[in-house]
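Notes for the one structure printed next.
Remember, it's a predicted structure, so these values are computed and weren't measured experimentally. Quick note on labels: first sequence line is chain A, next is B, and so on, each numbered from 1.
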Amino acid sequence: MRVVRLLRLRAALTLLREVPRRPASRGVPGSRRTQKGSGTRWEEEKREDRVKWRQLEHKGPYFAPPYEPLPDGVCFFYDGKPMRLSVKAEEVATFYGRMLDHEYTTKEVFRKNFFNDWRKKLKEEAEKLQQEFGYCILDGHREKIGNFKTEPPGLFRGRGDHPKMGMLKRRVMPEDVVINCSRDSKIPKPPAGHQWKEVRSDNTVTWLAAWTESIQNSIKYVMLNPCSKLKGEKAWQKFETARRLRGFVDEIRSQYQADWKSQEMKTRQRAVALYFIDKLALRAGNEKDDGEAADTVGCCSLRVEHVQLHPEADGCQHVVEFDFLGKDSIRYYNRVPVEKPVYKNLQLFMKNKDPQDDLFDRLTTTSLNKHLHELMDGLTAKVFRTYNASVTLQEQLRALTRAEDSIAAKILSYNRANRAVAILCNHQRATSSTFEKSMQNLQTKIQVKKEQVAEARAELRKARAEHKAQGDGKSRSVLEKKRRLLEKLQEQLAWLSVQATDKEENKQVALSTSKLNYLDPRISIAWCKRFRVPVEKIYSKTQRERFAWALAMAGEDFEF
DNA sequence: ACATGAACTTAGTACATGCTGT
DNA sequence: ACAGCATGTACTAAGTTCATGT
């Protein structure tokens with residue numbers, strides 16, 4: 001067993017390490033990171049950590065052309081006559097400035113074929129673009145790029161109550177774009193009549209192209225797809241850091257519990273904040289410029305108005321009620337009983353403050369992370385989210401899965417475990433527009449089934465009475481039949497209501513974010529192997545590509 | 001110490017695609 | 001074959017983190 005594990009690990013390592021490395025080069029002239037002479041050895045080591053590629057070649061980003069109006073006099077025909085397009089078809093044609101050269105003979109043929117032809121054409125064009133611009137060569141490997149198109153201009157919406165809502169996002173021009181590739185590679189050509197802002201060759205970063213976006217003046221990058229080796233290796237590193245936390249977490253917890261009683265206010269605040277980050281999986285919560293973005297908060301930026309203290313609630317003592325908008329303006333609402341010292345501290349932190357004042361006024365994400373670095377190498381606030389998410393999945397899977405269950409039941413258990421994590425991380429989604437309808441359909445089915453059960457029960461009673469009266473073999477077999485029918489129906493009803501519960505519980509919970517970013521895929525893969533569940537039932541094709549590193553690495557005995 | 005900026009991960013939504021029961 | 005719903009993908013906004021500049 002041990003040998004198998006070792007071999008697997010070795011295989012995974014080769015997969016990831018196929019990228020040949022060479023000693024750190026001096027970096028790029030002009031790049032800020034290397035402008036200044038290097039400082040301490042620690043800084044040197046930090047730089048060693050960064051990506052170092054030898055060769056990077058790509059075609060640069062794709063610029064979609066501005067939309068052109070449909071030329072005059074061009075329209076669609078059917079039955080030999082010009083066709084008045086439906087509004088939507090017309091929009092599609094105008095919007096993209098393209099047309100079909102088909103002639104449709106009848107209205108039916110038009111209806112039937114227009115959108116199919118249209119879609120086929122779009123798909124072919126997309127595929128062509130993907131092939132031309134969608135890949136790069138990184139150290140001899142053809143790697144898929146994540147976003148190879150520049151973002152089209154449009155009205156900025158933003159999420160939540162965004163102060164910049166409605167502003168025009170400018171078109172990205174080649175003159176805005178910085179290209180990053182090897183000096184000795186085929187340098188991408190800018191579109192005809194245009195020039196790049198700059199071409200550089202910085203092998204300590206992973207982006208291929210970058211531009212400054214016109215709404216927030218932030219930089220947008222063209223980077224690799226999650227299925228690439230480079231991203232895979234980073235994900236692996238991330239989970240390894242989280243796994244390392246397991247060895248430190250007990251001590252860290254007792255440390256912050258002790259710090260609840262510290263003499264120093266700063267330490268107390270840090271200890272309570274860290275407790276929330278650990279227990280409730282809150283985000284770090286950086287300061288934001290108001291007027292630049294929606295008013296949202298995380299742990300360190302919580303304000304007095306976001307928490308309420310209840311000496312007693314829901315039959316528990318010392319209950320804290322959280323109500324605030326987090327990332328993407330998603331509401332976080334939770335009532336949690338906390339330890340008495342935490343409660344007392346919160347009372348202290350809130351004393352003599354206005355609702356708009358910071359709850360943790362002596363704490364910033366920088367100071368918190370600095371403290372975390374001292375506790376464990378590479379530890380930051382977000383590692384706790386990864387750690388607790390993965391640990392929760394592993395625990396829930398252990399608690400919920402039964403070896404003798406059917407595959408369907410096992411998958412249900414997996415989804416339940418996944419859901420527990422999503423709820424912990426507060427991953428929400430809008431209720432889909434069709435939810436009510438499909439739920440109603442399911443409810444109708446349940447209702448029908450219930451009636452059938454009632455009917456079957458009545459018939460069983462009747463059969464029983466008849467059997468009592470007649471006592472012959474025929475009535476006995478009728479009685480048995482009715483009993484079996486009732487059992488079957490009851491089973492079906494139970495399954496339906498399980499489905500309904502599952503659906504209802506999943507209504508506002510998004511499983512995908514935790515699945516893709518927080519759950520160590522090796523846990524899921526090991527679970528699949530242990531319980532003979534095909535991995536395809538858990539991970540779709542792209543997800544399997546994204547987690548290729550884990551598929552090569554994890555045996556059924558993997559422990560997070 | 002604090003502000004700014006660069007680089008990278010994480011996030012939900014809209015739309016496309018695929019699947020399933022009729 | 002096809003409607004109707006579930007699932008998957010593309011897109012890009014919104015976070016975190018770390019380093020540098022002031």
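Distances shorter than 4.0 Å separate some side-chain N or O of A:Thr380 from OP1 or OP2 on C:dT17. For B:dA11, the OP1/OP2 oxygens have a side-chain nitrogen or oxygen of A:Arg385 closer than 4.0 Å. Within the 4.0 Å cut-off from OP1 or OP2 of B:dT9, not a single side-chain nitrogen or oxygen of A:Asn517 is found. Residue A:Lys220 places at least one side-chain N or O under 4.0 Å from the OP1 or OP2 atom of C:dA13. At C:dC18, one or more side-chain N or O atoms of A:His373 fall inside 4.0 Å of OP1 or OP2 (strictly under the cut-off). Contact annotation: A:Lys149 does not reach the phosphate of C:dA10 (side-chain N/O to OP1 or OP2, under 4.0 Å). For the pair A:Asn147 and C:dC11, the criterion of a side-chain N or O lying under 4.0 Å from OP1 or OP2 is not met. Considering only side-chain N and O atoms, A:Tyr518 lies under 4.0 angstrom from the phosphate OP1 or OP2 of B:dA11. The shortest distance between the side-chain N/O atoms of A:Ser218 and the OP1/OP2 oxygens of C:dA13 is not below 4.0 Å. A sub-4.0 Å separation between OP1 or OP2 of B:dT10 and a side-chain N or O of A:His427 is absent. Within the structure, a side-chain polar atom (N or O) of A:Lys288 is placed less than 4.0 Å from OP1 or OP2 of C:dG15.
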Distance-only criterion, 3.5 Å: show the donor-acceptor pairs between side-chain atoms of residues 127-138 of chain A and protein atoms not counting sequence neighbours.
| unit_1 | atom_1 | unit_2 | atom_2 | d |
| --- | --- | --- | --- | --- |
| A:Glu127 | OE2 | A:Gln131 | NE2 | 3.0 |
| A:Gln131 | OE1 | A:Arg142 | NH2 | 3.1 |

Donor-acceptor list for residues 219-226 of chain A side chains, cut-off 3.5 Å, not counting sequence neighbours:
| unit_1 | atom_1 | unit_2 | atom_2 | d |
| --- | --- | --- | --- | --- |
| A:Lys220 | NZ | A:Glu151 | OE1 | 3.1 |
| A:Lys220 | NZ | A:Glu151 | OE2 | 3.2 |
| A:Asn225 | OD1 | A:Cys227 | N | 3.0 |

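A:Glu175 meets the side chain to side chain donor-acceptor pair (under 3.5 Å) test with A:His194; sequence neighbours excluded. Residues forming a side chain to side chain donor-acceptor pair (under 3.5 Å) with A:Glu213 (at least two apart in sequence, or on another chain): A:Ser218. The side chain to side chain donor-acceptor pair (under 3.5 Å) search around A:Lys537 returns none, not counting sequence neighbours.
Residue A:Thr542 is classed as a sugar-phosphate contact, given heavy-atom separations below 4.0 Å to backbone atoms only. When heavy atoms are screened at a 4.0 angstrom cut-off, A:Asn286 is found touching base atoms of the nucleic acid. Counting any heavy atom pair closer than 4.0 Å across all strands shown, A:Gln543 reaches no nucleic acid atom. Using a 4.0 Å heavy-atom cutoff across all strands shown, A:Lys164 reaches no nucleic acid atom at all. Across all strands shown, A:Gly285 has heavy atoms under 4.0 Å from sugar-phosphate atoms exclusively, and none from any base. Backbone-only contact: A:Ala381 has heavy atoms under 4.0 Å from sugar-phosphate atoms and none from a base. Contacts of A:Lys370 with the nucleic acid, taken as non-hydrogen atoms under 4.0 Å apart, are absent. Counting any heavy atom pair closer than 4.0 Å across all strands shown, A:Thr296 reaches sugar-phosphate atoms only and no base atom. Within the nucleic acid shown, A:Lys238 comes within 4.0 Å of sugar-phosphate atoms alone, with no base atom in reach, counting heavy atoms only.
The nearest whole Å value for the distance from the CE atom in A:Met223 to the P atom in B:dT10 is 13 Å. Following rounding to the nearest Å, A:Lys169 (NZ) and C:dA14 (C1') show an atom-to-atom distance of 13 Å. Rounding to whole angstrom units, CE of residue A:Met165 and P of C:dA14 are separated by 12 Å. Residue A:Phe384 contributes atom CZ, which lies 18 Å from atom C1' of B:dT9 at whole-angstrom precision. For A:Asp289 and B:dC2, the CG to P distance is 15 Å, given to the nearest whole Å. Straight-line distance from the CD atom of A:Glu287 to the C1' atom of B:dT4: 14 Å, rounded to whole Å. In this structure, CG of A:Leu129 is placed 14 Å from C1' of C:dA10, rounded to the nearest angstrom. Between the CG atom of A:Leu282 and the P atom of C:dT16 there is a distance of 11 Å, rounded to whole Å.
When each of A:Lys382 and A:Lys541 is assigned the nucleotide of DNA chain C with its nearest heavy atom, A:Lys541 is the one assigned upstream, toward the 5' end. Heavy-atom nearest nucleotides on DNA chain B were determined for A:Thr364 and for A:Thr513, and the one closer to the 5' end corresponds to A:Thr364. Positionally, the nearest nucleotide of DNA chain C for A:Ser540 lies more toward the 5' end than for the other of A:Ser540 and A:Asn369.
Salt bridge annotation for A:Arg270-A:Glu264: absent, with no cationic side-chain nitrogen under 4.0 angstrom from a carboxylate oxygen. Salt-bridge annotation for A:Arg170 and A:Asp176: present, with a side-chain N of the basic residue lying under 4.0 Å from a carboxylate O of the acidic one.
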Step by step, would you call A:Ser301 with A:Lys288 a side-chain hydrogen bond (donor to acceptor under 3.5 Å, both in side chains)? CA-CA 9 Å; A:Ser301 48; A:Lys288 302 169 77 180; over 6 Å; no
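Annotation: A:Tyr518 is in aromatic contact with A:His427 [ring centroid separation under 6.0 Å].
A:Leu551 pairs in a side chain to side chain contact (heavy atoms under 4.5 Å, CB included) with only one of the listed residues (A:Arg544, A:Glu545, A:Arg546), which is A:Arg544.
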Grab the N/O contacts between the protein and nucleotides 13-15 of chain B below 3.5 Å, and write none if there aren't any.
| unit_1 | atom_1 | unit_2 | atom_2 | d |
| --- | --- | --- | --- | --- |
| B:dT13 | OP2 | A:Ala430 | N | 3.0 |

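Taking the side chain of A:Trp207 as heavy atoms from C-beta on, and the options C:dT12, C:dT16, B:dA7, the nearest nucleotide is B:dA7. The A:Ala510 side chain lies nearest to B:dG12 when the options are B:dA11, B:dG12, C:dA13. You'll find that the side chain of A:Phe156 is closest to C:dA13, out of C:dA13, B:dT10, B:dA6. Among the nucleotides B:dT10, C:dT16, C:dA14, the one closest to any side-chain atom of A:Ala284 is C:dT16.
Between the base of B:dT10 and the side chain of A:Lys327 there is a donor-acceptor pair shorter than 3.5 Å.
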